**Q** 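First the structure, then my questions, so here it is.
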Amino acid sequence: MSGFTVKPEPVQVPGLTHLHTGKVRELYATASGELVMVATDRVSAYDWVLPTEIPDKGRLLTALSLWWFERLADLAPSHVLSDAPPPGAPADWKGRTLVCRRLDMVPVECVARGYLTGSGLAEYREGGAVCGVALPAGLEDGSRLDEPVFTPATKAEVGEHDENVSFEAVSAQVGAELAGELRELTLALYGRGREIAEERGVLLADTKFEFGRDAGGRLVLADEVLTPDSSRFWPAEGWAPGRPQPSYDKQIIRDWLTSAESGWDRAADTPPPPLPDEVVERTRAKYVEVYERLTGTPVPFG
Ligand SMILES: N#Cc1c(N)ncnc1-c1cnn(Cc2cccc(F)c2)c1
């Protein structure tokens, strides 16, 4: 079992229809058919949504996503219409709400990897390839790839992991032309993100984009982009291939959860305990740090 210890009860807002509770986000629809994505302060680790929230996480990741949408706009239009919560929304939705165009979502998790880790590393260790793309021998955890690789995945059911699939499987699913567009656009967006992040001393190991098509059939960048929830960001100064790299935002939580202090046994498949205040505060500080380091600006709220 994994996922929620207690499934949250979504906030009901007059005029909005609640559509979906994700691990860390809520999705609503307006009466006029637009979507409202609300980022919560929930955080997940080891496939569990933790019982303790990280203050301002939703606002930090929403602000970062908006910052990236602006810097990717010449490569792909975005689904974002507004960052103003709809009328009647709770006051604390300010700064963590995106009103978006409803798209015909492409059922493919468009992942780009510039470094080898996670499920890509596991697949490589089994067969020397990821998503059917052969890689050089001798790569280690955290190795930088000579060229970024498109490693798509199918969207998993709640509580399951996305499954890496080959480009050929994506072509069979959505057609060769669209598959080619997804690969080209995913790698271009990743390349822009990696370049901007590296200028700021941050390595973008990998990231996941989601696309939809608008009424005109155009590919539109959807979901969130280049946040710590959709990407792996590593501080460049800590990069050392051959071992797991410290995750910018979740390492503190992971280290505490797997320490004797937590009393939690990950293998026992029992819900994780609440986080100590000190772990919460240090994790919040990491979200602030990654926001400020990437954007070069102080967080846009008190
Ligand atoms: N983005 C977007 C989007 C769009 N622009 N048009 C149509 N559908 C979606 C859409 C559907 N599911 N999700 C994932 C998701 C996001 C946020 C919260 C959640 F709970 C779940 C995204």
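The analysis underlying the following values was restricted to heavy atoms, covering all of them including side chains, and did not include hydrogens, waters or symmetry mates. Both counts, for ligands and for their atoms, begin at 1 and track the order of listing. Please read these numbers as outputs of a predicted model, since none were measured by experiment. The first residue in the sequence is number 1, and the count goes up from there.
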**Q** Going by an N to O cut-off under 4.0 Å, is there a salt bridge joining K57 and E53?
**A** no
**Q** So which atom in R293 and which in R200 form the shortest heavy-atom distance, rounded to 0.1 Å?
**A** NE-O, 3.0 Å
**Q** Which one of V24, L27, V220, L19 has a non-hydrogen atom at the shortest distance from atom 13 (N) of ligand 1?
**A** L27
**Q** Any nitrogen or oxygen of H79 lying under 3.5 Å from a nitrogen or oxygen in ligand 1? Just yes or no.
**A** yes
**Q** Who's the nearest protein heavy-atom neighbour of atom 4 (C) of ligand 1, and how far?
**A** L35 CD1, 3.4 Å
**Q** In the protein, what heavy atom is nearest to atom 1 (N) of ligand 1, and what distance, to one decimal place, separates them?
**A** D223 N, 2.9 Å
**Q** Is there a salt bridge (charged side-chain N to carboxylate O under 4.0 Å, His left out) between R192 and D74? Walk through the geometry before answering.
**A** CA-CA 11 Å; R192 175 71 57 81; D74 61 307; 2.8 Å; yes
**Q** Given M105, R25, R101, E34, which one has a non-hydrogen atom that is nearest to atom 18 (C) of ligand 1?
**A** R25
**Q** What protein heavy atom lies closest to atom 20 (F) of ligand 1? Include the residue and the distance to one decimal.
**A** H20 CD2, 2.9 Å
**Q** At their closest point, which heavy atom of A222 faces which heavy atom of G212, and how far apart are they?
**A** CB-N, 4.5 Å
**Q** Using heavy atoms and a threshold below 4.0 Å, how should the contact between V38 and ligand 1 be classified: side chain, backbone, both, or neither?
**A** neither
**Q** Should K208 and D229 be marked as a salt bridge (charged side-chain N to carboxylate O under 4.0 Å, His left out) after you check the CA-CA gap, both sets of side-chain angles, and the distance that decides it?
**A** CA-CA 9 Å; K208 183 262 295 177; D229 276 350; over 6 Å; no
**Q** Is it true that E140 and R243 have a side-chain N and a carboxylate O under 4.0 angstrom from each other?
**A** no
**Q** Can K286 and E289 be counted as an ion pair, charged N to O under 4.0 angstrom?
**A** yes
**Q** Quick test: of every protein heavy atom, which one is nearest to atom 6 (N) of ligand 1, and how far off is it to 0.1 Å?
**A** L103 N, 2.8 Å
**Q** List every atom of ligand 1 that sits less than 4.0 Å from any heavy atom of M37, numbering the atoms from 1 in the order shown and giving each element.
**A** 1 (N), 16 (C), 17 (C)
**Q** At a 4.0 Å threshold, what atoms of ligand 1 neighbour a non-hydrogen atom of R102?
**A** 6 (N)
**Q** What class does the angle between the rings of Y115 and W239 fall in, given that below 30° is parallel, 30 to 60° is tilted and above 60° is perpendicular?
**A** perpendicular
**Q** Could you list which atoms of ligand 1 come closer than 4.0 Å to a heavy atom of G22?
**A** 20 (F)
